[in-house]
Each structure stands twice: as structure tokens, then as C-alpha cells.
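Every chain is numbered from 1, with letters handed out A, B, ... down the list of sequences. Quantities reported herein were computed from a predicted structural model and do not represent experimental measurements.
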Amino acid sequence: MKFSFGLVSSLLLSGAPIAYAAAWSFEDATVSIASKGAGVGGASKDKLSATTPLAKTVSLGATDSLKLDLTTVDGKTAKRPHQAFLTLTDPTSGLEESFVLSVKDSGKGKVSLVGITSNCTGTINNSQTQKDLPHQFLTASKPIPASIVIGAFGSSTPYKHKVFDLTVTRGANVPLAIPEAPLRYAPEAEIHHIFREDPKSPPKIITIVFAAAVAAALPILLGLWATLGANVSHLSKALGAAPVSHALFYGSIIAMEGVFFLYYTSWNLFQTLPAAGLVGVVAFLSGSRALSEVQERRLAGLR
Amino acid sequence: MKWLLSFVVLAIVAVVRAASFTGNRLLVVLDEQAEREKYSVFLEDLAARGFHTTVDSPKGDKVALFKHDERTYDHVLLLPAKSKGLGPALTANNLLEFVKKDGNLLVALSSEQATPTAVQSLLLELDISIPNNKGALVVDHFNYDSDSASEKHDVLLLPYPAALRSGLKNYFGGEGYIAVPRAVGQVLGNDSPLLSPILRAPSTAYSYDSKDEAEAVEDPFAVGQQLSLVSAMQAHNSARLTVLGSAELLQNRWFAEKAKLGDKAVTTANRDFAAKLSAWTFKETGVLKVGKVVHYQDEGASKKVNASIPESNPTIYRVKSDVHYQVEISEYSNDHLIPFVPAANDNIQLEFSMLSPFHRLNLSPISQTANSTIFGVAFKTPDQHGIFNFRVNYRRPFVTNIDEKRQVTVRHFAHDEWPRSWQISGAWVWIGGIWVTVAGWLAFIAVWLYSAPAEKSVKKTQ
């Protein structure tokens with residue numbers, strides 16, 4: 001029983017194309033662009049073919065409205081289909097928008113799209129107004145393929161073909177409100193922290209020249225003192241009078257500079273302070289003796 | 001004997017564990033027990049995967065999603081009911097609360113039965129719109145099963161869905177055709193990033209009201225790819241809610257049905273698709289787990305993520321120091337953890353942020369263990385001190401969310417970490433000045449102490 005039913009149904013199915021041999025299509029199709037204020041005769045009209053898309057691109061200006069008229073046919077007879085859409089596809093994003101053709105029982109169908117700013121003058125048969133086109137189409141850089149989809153229940157082959165390309169031009173003075181792209185979870189752009197620039201030194205040659213000038217100041221100073229008669233001739237006399245005090249005093253002054261040098265290079269304050277204190281005490285004790293000796297020389301008229 | 005017993009217990013535990021990542025208590029809400037037969041293969045498949053199914057009628061006394069404010073089930077499968085209401089236990093509020101408490105929900109709709117008001121308001125809350133009236137269904141005159149719906153064109157035959165967009169993993173892919181009989185189409189709100197279509201209608205499909213628009217469609221509910229036949233919502237807490245437009249898709253009848261697409265004979269792959277869909281909804285696939293997070297200062301030697309040592313990361317770094325970061329991520333796949341591999345064009349990103357990210361870096365896979373991938377990146381801490389976060393915030397449709405933060409202090413240079421003055425060439429002039437002064441001072445003291453009077457100058461001054 002089941003088998004025979006399957007046989008019958010498969011027979012029916014295989015017979016279907018012969019029996020109905022029907023396919024949906026359309027006839028007498030025109031697409032017209034009417035400019036606002038151009039009057040009735042101002043519209044540009046193009047005949048559409050169901051098999052080959054229109055060679056030229058249909059251009060829809062800011063104030064124009066597009067009107068599509070056609071007669072849907074099932075095989076040869078004009079008939080009203082269940083589905084009659086004009087579908088626009090954005091070639092870059094793949095976004096699709098379909099406009100429903102209002103078809104009468106006689107198969108005559110029409111749809112009109114309005115440009116961006118029109119205040120709904122040419123649209124009699126449809127409630128679609130200026131928001132007809134999503135903003136993606138208004139900003140599309142490539143022509144938008146427009147196809148017609150006709151289909152209905154039953155066994156007739158549905159129809160879907162590209163019929164023309166549409167370019168949408170926008171008036172330059174028309175503000176276009178493009179909504180912000182909605183949040184979608186995806187990897188975000190990388191951020192690399194931009195570091196502040198490192199502090200820079202002047203060219204080394206300049207530094208070396210000036211450092212040499214500073215270093216040269218010392219021999220110049222010593223030379224000047226020498227011309228003024230500075231000398232160390234009484235060193236032997238002083239050491240003879242108070243050898244320990246003088247050696248310790250001058251040594252402690254050099255040692256104090258040494259402590260400063262160590263503090264600069266490696267020591268911390270807690271290493272520096274006791275050392276400096278020790279050197280200071282030595283300088284104080286030996287200094288009082290050494291300076292007494294200097295005073296004696298001054299009183300002797302030797303300075 | 002004892003070892004045998006423990007082995008058996010272990011085996012049972014293993015069987016029980018081989019299910020969802022979050023739990024295996026499943027509630028199936030069915031209107032009539034007779035309906036259960038229609039879904040028996042699907043329910044058996046679920047039981048075989050380790051789910052403990054409880055089948056109950058929405059009007060049953062025992063149906064309760066919560067007990068003592070805790071979930072009594074981990075997952076709920078809501079099959080279409082004849083009645084318009086679902087009873088006091090399954091209000092939209094309760095269902096939402098269930099999702100808020102990490103429960104997963106698979107809602108199956110049917111165009112032959114009116115969608116219960118609880119489900120309608122639940123979907124409305126999530127910004128998923130469905131046609132209001134009973135009898136609204138999706139047809140396509142191009143991709144229908146010409147065996148069972150040669151006249152009505154309401155059984156769609158669709159290939160498995162491809163990845164939603166590049167950079168996303170596809171958990172619903174496969175070979176073959178899925179029969180979608182008499183589906184209720186959904187339109188997803190554009191604003192929510194939590195919603196994503198799983199199976200879209202083909203571009204020639206449309207949803208119409210079979211009662212009012214029998215002659216010709218004039219104002220379709222939605223058209224083409226904007227119409228979603230199966231859609232998913234993954235909440236911020238990673239709980240999942242899947243809306244299946246056609247409950248019939250889950251019925252035994254369509255699981256391996258001979259169908260005909262145009263002149264091509266196909267066998268429907270609904271059983272496989274239903275398994276994939278329920279596995280995703282009930283957290284058997286697409287679940288990510290973060291293992292160990294390791295970060296350390298680069299001191300020449302690289303450290304490895306070592307599973308046996310607990311995390312012991314430094315809490316403080318200096319500005320402008322080289323830091324390594326590693327994170328271990330696994331993916332749960334049906335019954336075990338596998339290394340997570342992101343889709344091509346996708347990247348897991350690390351943000352090093354204080355209020356806003358200072359660094360946002362792509363993590364690259366460094367190595368793999370048996371059940372995890374270790375992702376890592378090396379970078380330099382910014383020249384800004386403060387409290388920073390190592391943050392991996394990975395959110396993608398169809399995988400659970402990762403938001404892993406580790407807080408560290410970034411301090412500035414200590415006084416002894418700066419370069420010494422002699423290393424700075426610009427300071428040489430000043431350093432030279434100091435030492436020339438020191439030498440001059442020593443020379444001056446020597447002259448003052450030991451200078452003999454110059455004869456001429458003495459005469460002059462006197």
C-alpha cells in the first residue's frame with residue numbers, strides 16, 4: 001500500500017512539470033524614475049526583460065521616486081502570485097531589503113520607492129515613504145543589484161532574477177543620519193602604549209668641549225696664583241715645627257674629600273656620617289695645633 | 001571485590017559526568033504525555049548523553065524551577081503547549097530568573113499552537129520579536145521539501161549554517177540538509193550583542209500569516225535573511241537561551257526523513273542538528289575555562305605555566321619593565337576539556353589597564369597541554385605608576401565569556417634605579433666643575449698654609 005502510494009506520488013510529481021509546465025515570470029515591466037517637479041512627462045522609463053537584466057544603471061536621485069510596474073504571469077496567463085518582491089542587495093555587506101509589490105488579481109503589480117527627501121508625492125499605492133531605503137543603500141559605493149522574486153504555492157517554478165542595477169545619489173545638502181554601528185563582540189584594535197620620550201643629552205662633542213674648558217680652568221687658576229707669587233716653600237719649615245699636626249690636618253682635609261667621593265659613588269648616608277665625623281674630629285684637633293704653628297710664623301713675620 | 005565495586009562506581013561517575021559542563025538536571029516541559037512519544041528519540045539522545053530528564057506538564061503540581069531560592073534544574077526544554085498560559089511556575093519572570101541564576105533554556109515554538117504569553121513576554125524582554133498570532137509561519141517557494149510540502153511550501157530544507165561571521169567558531173556546522181517544518185520566524189533586535197542567529201532563513205523566504213494572507217502576502221512579518229529560524233541569546237553570565245522556531249524539527253518524524261529539494265533526494269540531518277543545538281544550549285560545547293594565569297618580570301629566563309604549583313604572581317612591578325603574561329584556556333567539548341583554539345581572524349586580547357587600557361595586545365598560543373592552550377604575550381609596563389589590571393575580557397557569540405583580572409601595583413623608579421650621573425653625558429660639565437672646585441680648594445689650602453711671602457708683593461703692600 002505504502003509502496004503504491006509512493007509510486008503514485010512519484011508519478012504525480014514526475015508528471016507535474018508536464019501537466020502544469022508552469023513557471024512564474026513577468027511581462028510588460030517598466031521601471032520609471034520620476035523627478036520631483038518634472039511633471040508627468042519628465043519621468044525616464046525603461047522596459048525590463050524577465051530574462052536579461054537592464055544594460056544601463058538606473059539612477060535614483062535625492063528627490064526622485066522609482067516606480068516599478070509589471071504584470072506577473074504564471075506560464076502564459078496573468079495571475080496573482082503569493083509572493084512578489086523587489087529585492088535590493090547591498091553587494092558589499094550582503095544586506096537585503098525586500099519591497100512588496102502590490103499585485104492585483106489581474107497580475108498587474110507595482111511598487112514605488114521614494115528618494116531620500118521627497119515628501120511622499122508620487123506614492124499613491126504604497127505606504128512606503130522616505131524611509132524606504134536603509135542608510136546602507138544610500139551610502140553604497142557600488143551599484144545595488146535589484147532583483148524580482150515571484151513565487152506562489154503549488155508546483156509552478158518560482159522566479160528570481162536580477163533585473164537592473166540601481167545607483168542611489170544623494171543631494172549634497174541633505175544631511176544623512178547614519179546610526180552608530182551597534183556593539184558586536186569581536187576583537188578590538190590593539191593598543192600599544194606610547195611612552196614619553198627619554199630625556200636627551202646634547203651631542204657629546206659639545207659636552208666634551210665645555211668639560212675641557214672647565215678642566216682647563218684649574219691650571220689657569222694655578223698659573224695665575226703662581227704669577228702672583230703663590231708657593232709652598234714653607235712646607236718643610238711647617239713640617240719641621242709641627243710634623244704630626246700638619247700631616248694630619250692636611251691629610252684629614254683630603255680624606256674628607258675622599259669621603260665625599262665615596263658617598264657619591266657607593267656609600268650611603270649611614271656609612272658617610274661616622275666617617276665624616278671621625279675625619280672632622282681629627283681635622284679639629286690637628287687643625288688647632290697646625291694653625292697655631294701658622295700663627296707663630298705670621299707673628300715671626302714669615303707670612 | 002572492593003576494587004570491582006569502586007571501578008563500577010567510577011564508571012557510573014564517569015557516565016554521569018559525561019554531560020553538560022554545568023549540570024545534568026534537565027526539565028522537559030510538555031503539555032501531554034502523548035506528545036512525549038513524538039520527541040522520544042531526541043529525549044533518549046539527551047539521556048544517553050548523561051542528562052537526567054524530568055518530563056512534566058506545565059500544569060503539574062511538581063513543576064518548580066526553584067526550591068529555597070536555588071535552581072532545581074540546570075536546564076529547561078520548553079516544548080510548545082496547547083494552552084495559552086504556562087501556569088504559575090513558569091511565568092516569564094521565573095524563566096528570566098532561571099536564566100539569571102545560570103540556568104539554560106531551550107524554547108521551542110510551533111506555528112500550529114499559539115505561543116504562550118509567558119514565552120511571548122520572555123522573548124520580548126530579550127528583544128526577540130515573533131509574530132503574535134497563531135498560524136504565522138515561514139515559507140519559501142525556492143527551498144522547500146517537495147515530498148511533504150509540495151503544495152504549501154512550508155517545510156524548508158536548509159543546509160547547515162555557516163559561521164555567523166569571520167572570526168567566530170561554528171558549533172552548528174555539518175553536512176546535509178535540515179528540515180524546518182512550519183517554523184515561527186524571529187527577528188532579533190539589532191542593538192543587543194547578546195543575540196545571534198543560529199539558523200537564518202534563506203533570502204527568498206518570508207513569514208506570513210496563513211489565516212489573513214492566504215491569497216497574497218501584503219505585509220509580511222519579516223523577509224529573507226533578517227528572519228531567523230533558530231536564534232540564541234547568551235547572557236552576561238553566560239547562561240544560554242535558544243529559541244527554536246520549529247519544535248517539529250525535534251520530532252522523531254523528521255530525524256532521518258527522506259525529502260526532496262527540487263529534484264534532489266536528500267535525507268534530513270535533523271537528529272544531528274538537534275544534538276548540536278541542544279549540546280550548545282545545555283553547555284556541552286562552546287564553554288571556556290580559564291586555568292592558571294601567570295605573569296612575571298622578564299629576567300632573561302622564561303617561566304612556564306606549571307600546573308602543580310599554585311599561582312604565585314608578583315604583586316608589584318616597576319614602570320617600564322619587561323613583563324610576561326600567560327594564561328591557560330581550555331574548551332569543554334561534549335565530555336572533556338580540549339585545548340582552546342580561537343577561529344581564524346580572532347584573537348584573545350590582554351588589556352593592561354588602569355581605568356582605560358594602556359596596552360591591548362593579542363595573545364598568541366605558546367604551547368598546548370593535553371587539555372589546554374597556553375596563550376602569552378610579552379610587553380613593557382607603561383611609564384605611569386598606579387594600580388593596574390591584567391585583564392582578559394573575551395566575549396564572543398557562542399562561547400562563554402571570560403573576564404579574568406589580576407591586579408598589580410606599578411611603582412615608579414626607586415632612587416637607586418635611575419642611571420648614575422656619570423652615565424649621562426650632559427652632566428659631565430657639571431661633574432667636572434665640582435672636581436675642579438675640589439682640586440682648587442685643596443690647592444688653595446696648601447698655598448694658604450705653606451706659602452712663603454713673595455718679596456716684591458710684600459714691599460708693594462707695605
Side-chain angles (χ1 to χ4, degrees), chain A residues 9 13 80-85 87 94 96 98 100 102-103 149 151-155 158 160 182-193 195-196 201-202 204 207-208 210-211 214-215 217-218 221-222 225 228-235 238 246 250 253-254 257 260 290 294 302-303, chain B residues 139 141-142 146-147 150-153 167 190-193 203-204 206 215-220 223-226 260 320 346-347 349 351-352 357-362 380 382-383 395-397 424-426 428-429 432-433 436 438-440 442-443 445-447 449-454 456-457:
Chain A
S9 68
L13 275 175
R80 184 186 192 190
H82 193 260
Q83 174 191 25
F85 292 167
T87 303
E96 285 176 348
S98 293
V100 178
S102 62
V103 188
V149 183
F153 302 118
S155 56
K160 186 190 181 187
L183 172 69
R184 289 290 178 269
Y185 293 141
E188 292 178 83
E190 277 195 288
I191 298 174
H192 294 276
H193 181 65
F195 288 85
R196 277 182 283 262
S201 286
K204 268 199 182 141
T207 312
I208 287 168
F210 280 91
V214 168
L218 184 64
L221 178 73
L222 295 182
W225 283 350
L228 290 174
N231 59 66
V232 286
S233 315
H234 280 175
L235 180 60
H246 268 294
Y250 197 70
I253 287 169
I254 293 172
E257 300 301 338
F260 286 151
V294 172
L302 294 172
R303 288 199 71 200
Chain B
V139 290
H141 303 302
F142 291 79
S146 39
D147 260 359
S150 63
E151 187 59 38
K152 285 183 158 178
H153 300 183
N190 192 31
D191 293 332
S192 171
S203 63
T204 46
Y206 58 98
E215 278 300 304
V217 60
E218 273 154 13
D219 190 13
V223 163
Q225 302 223 328
Q226 296 170 20
K260 224 167 155 192
K320 292 167 93 171
D346 191 13
N347 280 305
Q349 294 181 317
E351 286 181 356
F352 194 64
F358 280 59
H359 279 292
R360 187 189 291 130
L361 304 163
N362 293 338
K380 199 180 242 222
D383 51 355
R395 285 164 173 265
R396 299 288 180 271
I424 302 165
S425 71
W428 291 349
V429 178
V436 163
V438 165
L442 291 177
I445 289 174
V447 169
L449 287 176
Y450 309 120
S451 185
K456 287 172 194 168
S457 64

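Side chains of H193(A) and D383(B) form a contact here, defined as non-hydrogen atoms less than 4.5 Å apart. By the 4.5 Å heavy-atom criterion applied to side chains, N190(B) and R184(A) are counted as neighbours. The side-chain heavy atoms of H153(B) and H82(A), taken from C-beta on, include no pair separated by under 4.5 Å.
Using the six-membered ring where Trp is involved, Y450(B) and Y250(A) have ring planes that are perpendicular, over 60° apart on the 30 and 60° scheme. Using the six-membered ring where Trp is involved, H359(B) and H192(A) have ring planes that are perpendicular, over 60° apart on the 30 and 60° scheme.
When each of K152(B), R396(B), E151(B) is scored by its heavy-atom pairs under 4.5 Å with chain A, the top score falls to R396(B).
No donor-acceptor pair closer than 3.5 Å links the side chain of Q349(B) to the backbone N or O of P187(A). In this structure, S451(B) contributes its side chain and N231(A) its backbone to a donor-acceptor pair below 3.5 Å.
For R196(A), the parts sitting under 4.5 Å from any heavy atom of chain B are the backbone and the side chain alike. With a 4.5 Å cut-off on non-hydrogen atoms, Q225(B) touches chain A through its backbone and its side chain both. In this structure, no portion of A290(A) lies under 4.5 Å from any heavy atom of chain B. Both the backbone and the side chain of P202(A) have a heavy atom closer than 4.5 Å to some heavy atom of chain B. Contacts of Y206(B) with chain A are made by side-chain atoms alone, with heavy-atom separations under 4.5 Å and no backbone atom involved. Residue A238(A) touches chain B through its side chain alone, counting heavy-atom pairs closer than 4.5 Å. Within the 4.5 angstrom heavy-atom criterion, atoms from both the backbone and the side chain of V232(A) approach chain B. With a 4.5 angstrom heavy-atom cutoff, L183(A) touches chain B via backbone and side-chain atoms both. Contact of V223(B) with chain A is made through the side chain alone, with heavy-atom distances under 4.5 Å.
When every heavy atom of A211(A) is checked against every heavy atom of V429(B), the shortest pair comes out as N-CG2, 3.8 Å. Smallest separation of non-hydrogen atoms from S203(B) and E96(A): CB-OE1, 2.9 Å. Across every non-hydrogen atom of V214(A) and G432(B), the tightest pair is CG1-C, 3.8 Å. Pairing each heavy atom of K204(A) with each of W428(B), the nearest pair is CE-CH2, 3.7 Å. Shown here for N362(B) and E190(A), the closest heavy-atom pair between the two residues is N-OE2, 3.0 Å.
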